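Because the structure is predicted, anything quoted here is derived from the model rather than measured. Letters A, B, ... mirror the listed sequences (proteins, then strands); counts begin at 1.
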There are 2 protein chains.
Amino acid sequence: MQPFDGLSEQHIGKILKARKRVIEAIGKNMDLYGITQSVGHLYGMLFFSEKPMTLDEMGKEMEMSKTSMSTGVRMLLDLKMVNKVWEKGARKDLYEAEADWHQTFTDYFGIEWRKAVEANVIALKRSAAELRQLQETEEGEGELREILSRDLEKIDGALSYYEWLDRLIDTLDSGKIYELVPKEKP
Amino acid sequence: MQPFDGLSEQHIGKILKARKRVIEAIGKNMDLYGITQSVGHLYGMLFFSEKPMTLDEMGKEMEMSKTSMSTGVRMLLDLKMVNKVWEKGARKDLYEAEADWHQTFTDYFGIEWRKAVEANVIALKRSAAELRQLQETEEGEGELREILSRDLEKIDGALSYYEWLDRLIDTLDSGKIYELVPKEKP
DNA sequence: AAGATCGTACAGAAAAAACTGTACAAACAA
DNA sequence: TTGTTTGTACAGTTTTTTCTGTACGATCTT
């Protein structure tokens with residue numbers, strides 16, 4: 001992970017143990033970000049690395065194939081949890097962990113939630129329109145009427161929830177969330 | 001899913017089509033809640049059902065085993081997305097979808113995020129303590145000093161992020177989030 | 001130009017997860 | 001009591017995901 005030149009075995013051991021605990025905790029809880037424990041572990045490793053790492057170094061450290069490192073890093077790049085580092089005339093690509101976890105958090109949930117909101121709202125609106133049309137063309141039947149209004153009520157409830165969620169996501173995207181819930185303890 | 005007594009085939013078809021679109025959209029996007037597409041689908045079905053359902057009814061509707069319904073419902077209960085309904089002298093257990101999606105949202109992320117925060121904070125603090133101790137007992141060595149302060153800085157950064165997240169979760173738990181981001185459009 | 005090295009696409013192997021059917025304990029009915 | 005019925009534990013099967021090794025195009029070196 002890095003050079004421990006001139007440190008006693010004992011010191012190295014203690015440092016690695018402390019890091020390992022954190023790395024494993026991170027790995028275990030990264031499933032909230034929809035990533036594997038391995039990839040979470042990879043992130044944790046990069047987090048503690050003092051200098052950017054190459055795929056080969058990661059593979060050696062994780063005792064996994066370079067291919068897995070490649071796909072893992074790509075996932076982390078997509079999630080903006082890892083950045084590519086440009087170094088003058090370097091043969092290999094270098095990567096480092098994004099240190100700003102607030103940013104990582106808002107990026108991820110901003111993107112994923114928005115995706116879900118958009119897909120669901122489209123479906124809800126389309127179905128609501130269909131049901132409303134049915135409601136208009138068939139004014140008679142009591143039973144039909146009842147079912148339609150019940151379904152539409154549910155759909156409208158869902159839509160109003162998504163409107164709220166959309167506004168919440170806006171606060172993540174814009175950074176306004178940090179005004180509402182300040183980074184520094186009040 | 002329910003009785004469509006006295007409705008024309010055509011009407012039933014249109015209603016089911018409208019529901020199906022929504023149910024499938026829900027199923028697809030439920031992975032944010034860490035659940036399978038099948039279980040998401042199950043939730044969607046319960047969402048549109050006008051009366052609480054039994055495991056057998058769910059199994060029939062989903063064309064899946066009762067065992068799967070049992071485990072699926074249990075997951076949804078854990079996430080508080082489904083409620084058990086108590087009916088006078090009923091043989092079978094009855095379940096209904098939680099209709100308040102705001103509540104579902106805050107419950108889920110409240111629970112899951114808190115879990116992650118607690119686990120990670122414990123690890124971070126424990127490791128920080130170890131490193132700080134090492135820092136105190138070994139005042140000399142420059143290289144060791146440097147590594148320790150770098151690691152501790154990273155850990156402190158992470159801890160301050162988790163403090164923020166913890167406060168955000170508090171607003172979910174307490175409902176204060178709805179003051180910060182009102183349910184009704186401003 | 002040739003030769004070396006890097007990252008990744010792809011196919012197959014290994015591991016994990018989802019799903020099913022059977023079996024059985026608990027709760028109820030007669 | 002005995003006979004049903006219900007929910008779930010568990011073992012085995014199927015499906016999905018993760019991981020690996022090989023192969024190859026792209027890029028850099030000489």
* Donor-acceptor pair, side chain of B:Arg126 and main chain of A:Arg21, under 3.5 angstrom -> no

* Nucleotide C:dC19, atom P - distance to CE of B:Met62 in whole Å -> 8 Å

* **Length of the line joining B:Met69:CE and D:dG7:P, which is rounded to integer Å** => 13 Å

* d(CE, A:Met58; C1', C:dC6) in whole Å -> 13 Å

* Angle class for the B:Trp113/A:Phe109 ring planes (parallel below 30°, perpendicular above 60°, tilted otherwise)? -> perpendicular

* **B:Thr67 side chain to B:Ser70 side chain, donor-acceptor N/O pair below 3.5 angstrom** => no

* Asked: So B:Phe47 and B:Trp101, would you call those rings parallel, tilted or perpendicular, with 30° and 60° as cut-offs?
  -> tilted

* Would you mind reading off the distance between B:Glu63 atom CD and C:dT20 atom C1', rounded to a whole angstrom? => 15 Å

* Verify whether one side chain among A:Asn83 and A:Tyr95 offers a donor that lies under 3.5 Å from an acceptor in the other. => no

* Determine, stepwise, if the pair A:Tyr162 / A:Glu118 fulfils side chain to side chain contact (heavy atoms under 4.5 Å, CB included). => CA-CA 9 Å; A:Tyr162 281 122; A:Glu118 280 171 4; over 6 Å; no

* Just by protein heavy atoms under 4.0 Å, how would nucleotides 9-18 of chain C read 5' to 3' in B, S and -? -> BB-------S

* To do: Report the distance from atom CG of A:Asp56 to atom C1' of D:dG21, rounded to the nearest whole Å.
  => 15 Å

* Give a yes or no on this: more than 12 heavy atoms of other residues, nucleotides or ligands lie within 6.0 Å of atom CD of B:Glu143. => yes

* Rounded distance (Å) that lies between atom P of D:dT17 and atom CG of B:Asp31 -> 11 Å

* To do: Round to the nearest Å and state the distance from A:Glu57 atom CD to C:dG7 atom P.
  => 10 Å

Atom pairs, protein N/O to nucleotides 25-30 of chain C N/O, distance under 3.5 Å:
none

* Nucleotide D:dT8, atom P - distance to CG of B:Leu55 in whole Å -> 7 Å

* To do: For the pair A:Leu32 and A:Tyr108, evaluate side chain to side chain contact (heavy atoms under 4.5 Å, CB included) and give the outcome as yes or no after the intermediate values.
  => CA-CA 10 Å; A:Leu32 282 174; A:Tyr108 177 76; over 6 Å; no

* Asked: Quick one: is B:Ser65 getting a side-chain N or O under 4.0 Å of the C:dC19 phosphate, OP1 or OP2?
  -> no

* To do: Fit a plane to each ring of B:Tyr161 and A:His102, take the angle between them on a 0 to 90° scale, and name the class: parallel (under 30°), tilted (30 to 60°) or perpendicular (over 60°).
  => perpendicular

* **Under 4.0 angstrom between A:Lys66 side-chain N/O and C:dG7 OP1 or OP2** => yes

